[in-house]
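Here is the structure we will look at.
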Amino acid sequence: MMNSAFDQLDTRVQKWVYKQGWDTLRDIQEMSIAPILAGKTDLVISASTAAGKTEAAFLPACSAIANNKDGFGILYISPLKALINDQYRRLEGLCDDLDMTVTPWHGDSLQSRKKKAKQDPEGILLITPESLESMLMRESGWLVSAFENLKYIIIDEYHAFIGSERGCQLQAVMHRLECLLERQTSPIPRIALSATLGDMDGVLDYLRPSKSIPCELIVGKQSQSSLKMQVRGYEEKEPDTSEVSDEEISDIKTAEQQIALDLYDVLRGDSHLVFANSRQRTENFAVMLSDLCEKNHVPNEFFPHHGSLSKELRTDLESRLQKETLPTTAVCTMTLELGIDIGKVKSVAQVTAPHSVASLRQRIGRSGRRDTPAILRMYITEKELNANSCVGDKLRLELLQSLAMIRLLLMEKWYEPSDTHLYHFSTLLHQILAVIAQWGGVRPDQLWALLCKEGFFGAVTVEHFKQLVSQMGGLNLIIQIGSGELVLGELGEQLVGHYSFYAVFKTPEEYRVVVEGKTLGTLPIDSVILPDSYIVFGGRRWIVLDVDVEKKVILVSPAKGGKPPKFGGGGMSVNDRIRKEMFDIYSSGDYKISSNGAKLDFLDSAGKGLFHEGLSFYKQKDLKNNHLIQQGSSVHVIPWMGDRIVNTLYAMLAQSGFDVDCSAGVIEVEKAQLSTVQKALKSFTSMSRTTNADLAKHVRNKIIEKYDHLLPEELLNLSYGERAFDVRSTVKWLYEMGL
DNA sequence: GACCTGCTGCGGTTTG
């Protein structure tokens with residue numbers, strides 16, 4: 001371990017490292033020491049889970065503040081309360097040895113601990129962006145003294161912030177803090193810890209848009225651990241009700257039931273994760289697998305885990321996984337994708353195509369124990385074909401997308417870049433209110449300089465800003481007083497005064513699901529649940545006793561039967577690169593992965609059958625050369641491009657009066673002739689002066705972010721248009737297609 | 001055809 005970087009650490013930190021029994025530091029830990037101790041640059045540390053990012057940041061940062069006396073030396077910001085609690089436990093030992101205080105500070109942390117830290121701020125503060133926002137708004141005077149010796153800001157799970165509303169708020173809050181502490185000329189170094197990211201340059205720009213100090217990048221070596229993988233195909237049969245009796249029908253298994261049987265056989269007896277993509281499917285698989293345990297008279301080891309389940313149910317399952325004493329399979333959504341400490345599991349199963357390549361990678365990373373390979377099993381269902389099958393089914397698009405994502409991950413090492421060019425006017429409105437609340441009154445030019453000029457609402461022009469401020473005046477959110485300063489209006493006071501103000505993202509209204517006084521979790525208010533109906537929730541079956549609309553409570557009692565409720569949710573977006581890869585696979589007729597000159601096959605025989613069905617339809621229609629085909633009375637447009645371009649084509653066709661439908665990247669134009677649609681598409685090439693906002697004018701529901709309903713129509717069209725459409729790329733594509 | 005995250009101050013009850 002003797003090397004110069006390690007020698008620069010505080011001796012007590014060195015001793016702590018020896019005490020852990022580590023013979024060497026990991027590569028990222030070693031590389032981080034010099035730049036962090038120098039403290040002249042920002043830093044992005046990018047590596048996969050369990051590569052030691054936390055220590056890479058904290059070993060040198062703690063060394064640098066080891067002799068600080070007054071005030072917090074390190075401000076650590078995390079997107080999750082659970083992660084703050086995990087990190088507190090991880091840092092306790094090291095900080096004990098340094099005689100340094102660590103204070104976890106979020107909505108659920110102890111009042112006593114917060115009080116102590118307020119009287120004697122010292123060492124490390126672990127906090128959420130929302131709690132930091134509340135400190136800025138309510139205690140900015142105290143902040144100035146508590147942070148007077150602040151040396152570092154460490155941001156954990158940085159990829160979770162990039163491009164989102166919370167990311168916007170985080171940047172604004174960090175910048176406001178730097179201004180409050182008058183540190184513009186000696187900026188506080190920001191250290192961002194992140195999973196492997198798609199677009200590194202974008203990430204470096206995003207961390208400090210003003211670029212007042214440079215940003216360095218440290219990337220961990222890709223882990224060499226091997227991966228065992230199989231994709232399995234299933235066909236959903238249409239039951240032929242004419243020739244079989246009712247009894248026989250009940251014997252026919254749906255594809256999901258068959259998948260549950262296969263999962264039961266292969267997973268029972270060890271610990272695994274099953275990612276099922278939606279809360280409804282998660283509940284369904286958890287209960288099917290539990291039923292199989294009951295039927296076979298063995299103890300249940302399959303449990304659901306998702307964001308609508310109560311904290312208690314979730315932590316029980318997390319700690320059961322962590323203990324590693326009982327075989328445990330969690331059927332889960334992205335709640336177990338990253339962050340929380342559950343140790344490693346033997347294998348990961350993915351039911352239906354993953355939402356993104358980035359998330360597929362995170363999921364695989366959860367599997368594989370010491371010296372054993374990671375194992376991924378993917379279960380894909382396609383519908384049995386008949387005379388009425390749609391083009392998407394005939395092309396076997398879900399299977400094809402899964403194959404494309406696996407190839408992009410393993411062969412190209414490609415992940416989706418985050419979208420950092422959105423407007424986020426909703427968050428800007430929030431920040432205007434927050435800054436006014438912090439200072440009491442602010443001049444419009446000061447607001448503009450603080451929030452927009454420095455760059456994190458960079459796409460916002462002075463004109464946009466004026467429009468927004470005047471709209472806010474009209475709505476009585478703010479008032480301009482004689483001195484020209486803006487202060488809170490009546491509605492503004494109301495919003496800012498309620499505790500729900502601090503979070504900048506939108507949350508739907510929910511019912512609580514309660515059994516005998518114990519809360520199992522929540523359901524969205526628009527899911528229709530009636531008394532006496534049967535539901536599946538938390539992996540068990542219930543009958544609904546009562547629905548209290550006033551108190552928003554659903555009372556349940558154990559029962560047999562029932563189905564998982566719908567949880568609702570928005571749409572998803574597939575990137576151009578994935579659709580192009582899908583096109584390439586069918587064009588070459590080969591989905592296999594090349595490795596050292598060999599072709600690796602990873603598809604089971606049923607999956608191969610489905611693949612060849614899709615491929616033969618592709619060839620029959622010559623889709624390599626035709627992006628438009630006539631099927632009966634409908635014309636199908638198949639661009640093999642991402643959802644932004646598909647949405648744009650869809651909107652253009654709809655506004656030209658066509659009857660259109662869209663699914664999985666295929667647009668169906670009903671009751672139309674090929675030549676008519678072709679002519680229409682050709683005419684769109686002259687639409688390059690149409691803006692994304694123009695297309696958004698015709699969209700009915702554009703309310704996506706928390707304060708969208710308070711925005712002027714023009715700004716709402718702008719932000720929705722940029723999110724959903726891409727006219728320029730669409731016109732370019734139309735030209736390239738020779739249209 | 002989707003998923004996830006967070007916030008206050010105070011009043012009540014339980015525990016040491």
Side-chain angles (χ1 to χ4, degrees), chain A residues 77-85 105-109 111 114-115 127-139 156-170 173 275-283 304-309 311 314 331-340 350-356 358-360 362-363 380-381 383 390 392-393 397-398 401-402 416 427 430 433-434 437 495-508 510 521-522 524 566-574 643 646-647 661-666 704-706:
Chain A
I77 306 175
S78 152
L80 300 176
K81 291 186 288 194
L83 198 58
I84 286 176
N85 299 339
W105 188 300
H106 56 68
D108 299 338
S109 47
Q111 283 294 329
K114 290 185 182 174
K115 263 190 196 137
I127 202 168
T128 59
E130 288 78 12
S131 284
L132 187 57
E133 176 78 82
S134 113
M135 275 186 180
L136 267 171
M137 285 173 59
R138 299 150 30 88
E139 331 239 14
D156 208 350
E157 304 278 5
Y158 184 53
H159 52 281
F161 287 113
I162 300 172
S164 74
E165 295 148 278
R166 281 181 104 191
C168 243
Q169 179 186 30
L170 171 68
V173 162
F275 288 97
N277 278 359
S278 77
R279 284 169 288 190
Q280 190 177 17
R281 199 179 293 113
T282 296
E283 287 286 357
H305 192 284
H306 58 75
S308 293
L309 293 176
K311 206 168 86 179
R314 286 160 68 172
V331 189
C332 57
T333 59
M334 64 177 285
T335 45
L336 289 185
E337 196 171 296
L338 45 98
I340 307 155
Q350 169 72 47
V351 183
T352 70
H355 289 132
S356 69
S359 115
L360 177 61
Q362 290 281 352
R363 292 174 182 187
I380 306 296
T381 305
K383 285 197 186 113
C390 68
D393 283 336
L397 288 179
E398 173 136 2
Q401 185 181 321
S402 307
E416 292 85 358
T427 306
H430 176 273
L433 292 174
L495 284 183
V496 165
H498 196 262
Y499 67 86
S500 61
F501 178 75
Y502 303 106
V504 81
F505 52 88
K506 196 172 150 157
T507 35
E510 288 174 320
T522 58
K566 274 202 182 347
F567 288 87
M572 62 173 279
S573 188
V574 175
D643 281 347
V646 173
N647 288 343
D661 204 4
C662 179
S663 139
V666 176
I704 295 173
E705 300 191 350
K706 189 177 179 188

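All values below were derived from every heavy atom in this structure, side-chain atoms included, with hydrogens, water molecules and symmetry-related copies excluded. Naming convention: chains lettered A, B, ... in sequence-line order (proteins, then strands); numbering from 1 in each chain.
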Taking only N/O atoms, report every protein-nucleotides 12-16 of chain B pair under 3.5 Å with atom names and distance.
none

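- Here A:Arg314 reaches the OP1 or OP2 of B:dT5: one of its side-chain N or O atoms lies under 4.0 Å away.
- The side chain of A:Arg281 contributes no N or O atom lying less than 4.0 Å from OP1 or OP2 of B:dG1.
- A:Cys390 is linked by a side-chain contact (heavy atoms from CB on, under 4.5 Å) to A:Asp393, counting only residues two or more places apart in sequence or in another chain.
- A donor-acceptor contact closer than 3.5 angstrom is absent between the side chains of A:Thr333 and A:Arg279.
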Review item, side-chain donor-acceptor pairs of residues 497-506 of chain A, under 3.5 Å, at least two apart:
from, atom 1, to, atom 2, distance (Å)
A:His498, ND1, A:Ser500, N, 3.2
A:His498, ND1, A:Ser500, OG, 2.7

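- A sub-4.0 Å separation between OP1 or OP2 of B:dC4 and a side-chain N or O of A:Thr333 is present.
- Across A:Arg166, A:Lys81, A:His106, a single residue satisfies side chain to side chain donor-acceptor pair (under 3.5 Å) together with A:Glu130, and that is A:Arg166.
- Between the NE2 atom of A:His430 and the P atom of B:dG6 there is a distance of 15 Å, rounded to whole Å.
- The side chain of A:Met334 has B:dC4 as its nearest neighbour among B:dA2, B:dC4, B:dT5.
- At the heavy-atom level, A:Ser500 lies under 4.0 Å from base atoms of the strands shown.
- Counting to the nearest Å, the P atom of B:dA2 and the CD atom of A:Gln362 are 22 Å from each other.
- With B:dC3, B:dG6, B:dC7 as the choices, the nucleotide that has an atom nearest any side-chain atom of A:Arg166 turns out to be B:dG6.
- As rounded to whole Å, 17 Å separates atom P of B:dA2 from atom CD of A:Glu337.
- A distance-only check finds no donor-acceptor pair linking the side chain of A:Glu283 to the backbone of A:Pro304 [under 3.5 Å].
- We find that CD of A:Glu139 is positioned 11 Å from C1' of B:dT8, with the value rounded to whole Å.
- Applying the 5.5 angstrom centroid cut-off and the 30 degree plane-angle cut-off, the aromatic ring of A:Phe505 is stacked upon the base of B:dT5.
- Residue contacts shown for A:Thr507 include a base, since a base heavy atom lies under 4.0 Å away.
- Comparing A:Val574 and A:Lys706 by the nucleotide of DNA chain B that holds the closest heavy atom to each, the one mapping nearer the 5' end is A:Val574.
- Out of B:dC3, B:dG1, B:dG6, the shortest distance to the side chain of A:Thr128 is found at B:dG6.
- The NZ-C1' distance, from A:Lys566 to B:dG1, rounds to 11 Å in whole Å.
- Panel note: side chain A:Asp643, backbone A:Val574; a donor-acceptor pair is recorded below 3.5 Å.
- Computed from coordinates, the A:Tyr502 OH to B:dT5 C1' distance equals 18 Å when rounded to whole Å.
- A:His430 and A:Glu165 form no side-chain donor-acceptor contact under 3.5 Å, judged by distance and modelled atom types alone.
- Enclosure of atom NZ in A:Lys383 is not indicated, since only 12 or fewer non-hydrogen atoms of other residues, nucleotides or ligands lie within 6.0 angstrom.
- Not one side-chain nitrogen or oxygen of A:Arg279 sits closer than 4.0 Å to the OP1 or OP2 atom of B:dA2.
- Within the 4.0 angstrom heavy-atom criterion, base atoms lie near A:Ser663.
- With rounding to whole Å, A:Glu283 atom CD is found 15 Å from B:dA2 atom P.
- Set against B:dG1, B:dC4, B:dC7, the side chain of A:His306 has B:dC4 as its closest nucleotide.
- Rounded to a whole Å, the CD atom of A:Glu705 is 16 Å from the C1' atom of B:dG6.
- When distances run from any side-chain atom of A:Glu130 to the nucleotides B:dG1, B:dC4, B:dC7, the shortest one goes to B:dC7.
- Side-chain contact annotation: A:Thr335 with A:His305, donor-acceptor N/O pair under 3.5 Å present.
- Counting any heavy atom pair closer than 4.0 Å across all strands shown, A:Arg363 reaches no nucleic acid atom.
- Residue-nucleotide stacking is present for A:Tyr499 and B:dT8, judged by a side-chain ring centre under 5.5 Å from the six-membered base ring centre and planes under 30° apart.
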